[in-house]
Structure formats: structure tokens, C-alpha cells
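Report on the structure given below.
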2 protein chains.
Amino acid sequence: MDIKYAILGFLSWKSFTGYELKKLFANSMIFYWSGNNNQIYTTLIQLHKEGLVTNQVQHQENLPSRKIYTLTESGSEYLKQWLLSSPEIPQIRKSFLVQLAWSNLLSQSEINTLIEKYEYEIKMQLLMHREKKRRGDAVNPSRTSRENYIWKMISENFIRSYESELAWLRELRKNLDEL
Amino acid sequence: MDIKYAILGFLSWKSFTGYELKKLFANSMIFYWSGNNNQIYTTLIQLHKEGLVTNQVQHQENLPSRKIYTLTESGSEYLKQWLLSSPEIPQIRKSFLVQLAWSNLLSQSEINTLIEKYEYEIKMQLLMHREKKRRGDAVNPSRTSRENYIWKMISENFIRSYESELAWLRELRKNLDEL
DNA sequence: GTAGTCATGTAAGACGTTACATGATTCT
DNA sequence: AGAATCATGTAACGTCTTACATGACTAC
């Protein structure tokens with residue numbers, strides 16, 4: 001999948017500048033791109049060339065001008081086509097599992113340390129996500145109750161992934177200790 | 001993370017040719033790279049330059065020659081250093097969640113179709129993994145009971161991820177129907 | 001005075017994929 | 001006859017990341 005659909009999605013919510021989009025990407029987990037300049041600005045320029053978005057330059061005093069991007073009719077159509085396309089299977093890459101796979105080269109205590117470090121990282125992620133959900137400061141267009149529910153469930157999806165990982169880790173540790 | 005550690009890991013198990021490694025990657029989920037020629041052969045050449053592996057050319061009649069790669073002492077050291085390094089957090093990319101996020105543009109029945117398609121894909125993945133585990137034909141060095149257990153738990157990790165996803169999907173569907 | 005925000009853009013490079021290239025052998 | 005396996009390698013390209021570049025303003 002491509003960042004362009006995520007950008008078109010944001011613009012289907014409301015108009016944004018590249019700078020604003022960049023921050024939205026940087027602060028979200030669902031929209032998993034880093035939010036680096038290169039990708040955002042060049043994608044916007046390309047979408048503009050293809051007529052999927054228009055922009056309006058807003059001059060400001062004492063601040064740089066901003067380009068406010070708006071979705072066009074054909075942009076909306078293009079996005080909708082993608083929304084209806086068959087979902088891809090999740091791409092899950094856990095380099096920790098690769099470390100574990102070759103942990104035969106490590107001692108029992110080195111393995112335990114490795115697992116503990118990973119467990120700590122996962123717990124931190126979980127805390128972050130739970131805190132974001134609790135504070136309700138996660139991005140959420142919330143145009144309808146359905147949309148609001150869907151965005152909450154998207155947050156919940158991440159939380160459950162981490163919870164499932166922790167449950168798995170507890171079992172792993174317990175059985176390794178008994179071995 | 002880099003494919004080179006995964007390759008060094010395989011070679012810490014036993015010697016392999018590039019072609020064999022390619023198939024190992026293509027058939028495994030944990031070692032999530034596609035197993036394309038370019039990456040494998042060029043990485044092996046680079047590892048050889050760095051002295052982390054050596055190779056021995058084996059000429060065969062009626063078949064192309066093969067280069068059998070073996071881990072060196074310094075390759076083993078290099079791998080071990082990485083094994084001891086702090087695990088990265090999992091990289092989870094679910095483009096389906098991006099589709100869901102902007103599903104405000106879709107009708108209720110279009111959303112349901114989308115969810116059903118995704119559910120089907122996840123179920124298929126789960127079946128595949130369960131079947132692989134049941135048949136016991138998944139790659140597993142199984143040099144010690146500890147290693148055998150760890151590799152089984154790695155398979156289990158994938159199965160649980162998909163099970164957790166399905167449980168989440170059931171809840172999503174149920175509540176969207178009631179909304 | 002150092003760092004951060006606002007705002008846009010470019011350059012260089014890492015990582016990964018598909019496809020191209022060769023050529024004999026074996027299976028259906 | 002056509003496809004797959006064995007075996008190595010290269011080319012072209014897509015995607016994403018970090019870092020560079022500018023310049024004014026604001027906050028500590």
C-alpha cells in the first residue's frame with residue numbers, strides 16, 4: 001500500500017497543508033509512515049499533477065506561506081475505488097522473533113535478559129496507547145457515531161495486539177524457566 | 001533490521017548455498033523477506049567481503065556449481081552481538097485499518113463486504129499456519145529441547161496474532177450491525 | 001543563545017521488490 | 001510441448017528514511 005491513499009483519506013476529512021499532514025502522520029500509529037518531508041511534499045505535488053487534489057496558497061505575515069490542499073471530485077472517486085479494493089493481509093515484522101530464533105548461541109540468562117527487554121518495550125507501547133485512548137486526544141474525525149466507533153476500534157486493535165504479545169511472552173518465560 | 005542477520009543466523013545452524021537460503025526465506029513467515037535473488041546473493045557477497053562467511057565451490061555434473069557458505073568465527077561473534085542488542089518494537093502495518101479509517105465514504109453494506117473480505121484473508125492465513133504447525137514441516141533446527149520449544153512458540157506467536165485479529169473482527173462486526 | 005515551531009522543498013541512500021538473463025535437466 | 005527445478009547473478013525501479021537547506025519568529 002501507498003501513502004497516497006492515506007493522504008487522500010485525510011483530505012477526504014478536511015483540507016490540510018503538507019505541514020499539518022506531516023504532523024498527523026508523525027503522531028499516529030495507524031498511519032504508520034514516518035511523516036517525513038520528502039514523502040509528503042512530493043506525494044502532494046504528484047497528486048496535484050494527477051488532478052486528485054487542488055491547492056490554494058495562503059500568504060501570511062511573519063510566517064511562511066502555506067499551501068492548503070483540497071480533495072477534488074476525481075480524488076474522491078480514486079480514494080473510494082481503493083477503499084473498495086480487497087484488503088491486504090497485515091504485514092507483521094517482529095525482528096525480536098528472529099533474535100529468539102537464533103538464541104541457541106546465547107546462555108539462559110542472556111535469553112532471559114533479551115525477553116525482559118522486549119517485554120519492557122511492549123509494555124511501554126501498551127501504556128502509550130492506553131493513555132492516548134484514555135485522554136481521548138487521538139485523532140478522530142468523529143463525523144458520525146459509526147465513524148467514531150470505528151476509530152475507537154482501530155485504537156483498540158493496537159492495544160489488543162500488544163496485550164496478546166504480552167500474554168504470549170508470559171507463557172514463554174514461564175515455560176523456559178521450567179525447562 | 002537487516003536481512004544479513006537472518007542469513008548469518010541460518011549459517012550459524014549449518015552451511016547453506018544461496019539457493020537454499022532463498023527457499024528458506026520464501027517458505028517462512030518469521031523470516032519475513034521475500035527471498036529474492038538480488039538481496040540474498042548480494043548480501044552473501046558482501047558478508048564474504050567482510051569475512052563473516054567463507055564459501056566453497058562445489059562442482060556438479062549436469063547441474064550448475066553451487067557455493068556453499070559457512071559462518072566464520074568473526075561472523076559468529078558479529079551475530080552474537082546483534083542477538084544481545086535491544087529488541088526493536090514490532091513493525092505492524094495493517095493497510096486494512098487505513099481503509100476502515102476512511103470508510104465514511106462507504107455505505108454500510110460496502111463496509112460489511114470489506115470486513116468480510118479481510119476476515120476471509122485472516123482465516124486463510126490462520127489455517128495455513130495451523131496446518132504448518134500440525135504437519136510439523138516448518139523449519140526447525142531442533143538442536144536442543146529448548147530450541148525446539150522456542151521455535152514452536154515462534155509459530156504460536158503468529159497463530160495468536162491472527163486469532164486476536166479474528167476476535168477483534170467479530171466484535172467489530174457485531175457492534176456495527178447493532179449500531 | 002539554544003531550541004522549537006511554522007512552512008516548504010531537495011538530495012542521498014538504505015532496503016526491498018519484480019523482472020531479466022543463462023542453460024541444462026527433469027517432471028507432467 | 002511446456003513448466004518446474006537447480007543455480008547464480010544483474011538491472012531497474014518503488015518505497016521509505018535520514019539529513020540537508022532556508023528563514024523568520026517564539027519560548028525558555
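Model, not experiment: these values are computed from the prediction. Just so it is clear: chains get the letters A, B, ... in the order the sequence lines come, proteins before strands, and each one is counted from 1. Values below: every heavy atom of this structure, side chains too, minus hydrogens, waters and symmetry copies.
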Closest of D:dA11, C:dG16, D:dT17 to the B:D2 side chain is C:dG16
Winner on side-chain proximity to B:Q60, out of D:dA7, D:dT17, D:dT8, is D:dA7
Atom NE2 of A:H59 and atom P of C:dA7 are separated, to the nearest Å, by 14 Å
Of the candidates D:dA11, D:dC16, D:dA7, the side chain of B:N38 sits closest to D:dA11
Please check: side-chain N/O of A:T43 versus main-chain N/O of A:Q39, any donor-acceptor pairing under 3.5 Å?
yes
Taking C:dG16, D:dT10, D:dC16 as options, the one with an atom nearest any side-chain atom of A:I3 is D:dC16
Strictly below 4.0 Å: does B:K23 bring a side-chain N or O up to OP1 or OP2 of D:dC6?
yes
Query raised in the report: So, the side chain of A:E110 versus the backbone of A:S107: is there a donor-acceptor pair under 3.5 Å, distance only?
Result: yes
Once you measure the plane-to-plane angle for B:W168 and B:F96, does it fall in the parallel (<30°), tilted (30-60°) or perpendicular (>60°) bin? perpendicular
Side-chain N or O of A:K67 closer than 4.0 Å to phosphate OP1/OP2 of C:dG9
yes
Sorted by number, residues from residues 7-19 of chain A placing a heavy atom under 4.0 Å from DNA chain D are none
Readout for nucleotides 21-28 of chain C: B = base within 4.0 Å of protein heavy atom, S = sugar-phosphate only, - = neither; 5' to 3' it is --B-S---
Side-chain atoms of A:W33 come closest, of C:dA7, D:dC16, C:dT10, to D:dC16
**Asked** Under 4.0 Å between a side-chain N/O of A:S65 and OP1 or OP2 of C:dA7, yes or no?
**Response** no
note: B:N36, atom CG; D:dC13, atom P; distance rounded to Å ~ 17 Å
- Just by modelled atom types, is the A:G51 backbone N or O under 3.5 Å from a matching donor or acceptor in the A:T72 side chain? yes
Rounded to whole Å, CD of B:Q58 lies from P of D:dC6 at a distance of 14 Å
